[in-house]
Amino acid sequence: MEKAPQKSGIRKASGPRRVLAATRYSLQGLARVWQEEAFRTEVVAFVLGLLLFLLIGVQPVHYLIFIILMLLLFCVEALNTAIEELVDRISPEISTVGRHAKDLGSFAVFCLLCANGLFVLWCLYDRLLG
């Protein structure tokens, strides 16, 4: 099967070089999202949640669920930051569409914050009162 020609003339890496390039891009994204106070606060909450789980002695599966929920939160926070950057770049003036895009990203983060909070509360109830 013949490959489609590159449009930009820039040749994309393949194989191990592609993996290294993707890793570098991901680390650059992590460095960018680390600049956001909300993300740093979520990382602190992640560490505190793990310490709380250690203190109350939850089952290993609860650690796994918590880690997955927090990774999802980190992903959505990164996507929300990307939305905000794009809106600010494309439409620096205040617009209804831009505000809606930012509000929707914020709502997605809020939903995962609620899911994480409810899970931690359930684990506390299950371990201490259940």
Query raised in the report: Yes or no on side-chain contact (heavy atoms from CB on, under 4.5 Å) for V44 and F39, after CA distance, side-chain angles and deciding distance?
Result: CA-CA 9 Å; V44 168; F39 180 76; over 6 Å; no

Query raised in the report: So do the side chains of F46 and L50 get within less than 4.5 Å of each other, counting heavy atoms only?
Result: yes

Query raised in the report: Just wondering, do L124 and L52 contact through their side chains at under 4.5 Å, heavy atoms?
Result: yes

Query - Where at least one partner belongs to residues 26-35, residue pairs that pass salt bridge (Lys or Arg N to Asp or Glu O under 4.0 Å), sequence neighbours excluded - result: R32-E36, R32-E85

Query raised in the report: Is there a side-chain contact between T81 and Q35, using heavy atoms and a 4.5 Å cut-off?
Result: no

Requested in this report: Sorted by first residue and then second, give each salt bridge (Lys or Arg N to Asp or Glu O under 4.0 Å) pair with at least one member in residues 47-57; sequence neighbours left out.
Outcome: none

Query raised in the report: Mind checking what makes side chain to side chain donor-acceptor pair (under 3.5 Å) contact with D88, not counting sequence neighbours?
Result: K102

**Report entry** Any residue meeting side-chain contact (heavy atoms from CB on, under 4.5 Å) with L104, in chain and number order, not counting sequence neighbours
**Finding:** none

Report summary line: With sequence neighbours left out, the residues meeting side-chain contact (heavy atoms from CB on, under 4.5 Å) with A13 are R17, R18

Query raised in the report: Given side chains that start at C-beta, do those of F119 and I65 come closer than 4.5 Å, heavy atoms only?
Result: yes

Query - Contact list for residues 64-77, test salt bridge (Lys or Arg N to Asp or Glu O under 4.0 Å), sequence neighbours left out - result: none

Query raised in the report: Do S106 and F110 come within less than 4.5 Å of each other through their side chains, counting heavy atoms only?
Result: no

Query - Name of the residue among I68, I67, L73 meeting side-chain contact (heavy atoms from CB on, under 4.5 Å) with L71 - result: I67

Report summary line: Residues I56 and C123: closest non-hydrogen pair is CD1-O, 4.2 Å

Query - Residue pairs involving residues 116-130 (criterion salt bridge (Lys or Arg N to Asp or Glu O under 4.0 Å); sequence neighbours excluded) - result: none

**Report entry** Within one Ile-Leu-Val-Met-Phe-Trp-Tyr cluster: L48 and L112, side-chain cutoff 4.5 Å
**Finding:** no

Query raised in the report: Should V76 and L113 be counted in the same cluster of Ile, Leu, Val, Met, Phe, Trp and Tyr side chains packed under 4.5 Å apart?
Result: yes

Query raised in the report: Can you check whether W34 reaches V43 side chain to side chain, under 4.5 Å on heavy atoms?
Result: yes

Query raised in the report: Closest approach of A101 and V87, non-hydrogen atoms and distance?
Result: CB-CG2, 3.9 Å

Requested in this report: State the NE2-CH2 distance between H62 and W122, to the nearest 0.5 angstrom.
Outcome: 3.5 Å

Report summary line: Exactly one of V120, N116, L118 clears side-chain contact (heavy atoms from CB on, under 4.5 Å) with L69, and that residue is N116

Query - V47-L55 co-clustered via ILVMFWY side chain contacts under 4.5 Å - result: no

Query raised in the report: Any chain of hydrophobic side-chain contacts (each under 4.5 Å) joining L27 to Y25?
Result: no

Requested in this report: Mind checking the SG-CG spacing from C75 to N80? Nearest 0.5 Å is all I need.
Outcome: 12.5 Å

Report task. Applying side-chain contact (heavy atoms from CB on, under 4.5 Å), name anything that partners A78, two or more places apart in sequence or on another chain. Result -> V33

Query raised in the report: With sequence neighbours left out, what residues match Y63 under ring pair (Phe, Tyr, Trp, His ring centres under 6.0 Å)?
Result: F53

Query raised in the report: Can you list the other members of the hydrophobic cluster that holds L79, where links are side-chain heavy atoms under 4.5 angstrom apart?
Result: none

Indicate every side-chain donor-acceptor pair of residues 90-99 with a distance under 3.5 Å to a residue at least two apart or in another chain.
| from | atom 1 | to | atom 2 | distance (Å) |
| --- | --- | --- | --- | --- |
| S91 | OG | E93 | O | 3.4 |
| S91 | OG | E93 | OE2 | 3.0 |
| S91 | OG | S95 | OG | 3.4 |
| S95 | OG | G98 | N | 3.0 |

**Report entry** Contacts of type side chain to side chain donor-acceptor pair (under 3.5 Å), residue E37, not counting sequence neighbours
**Finding:** none

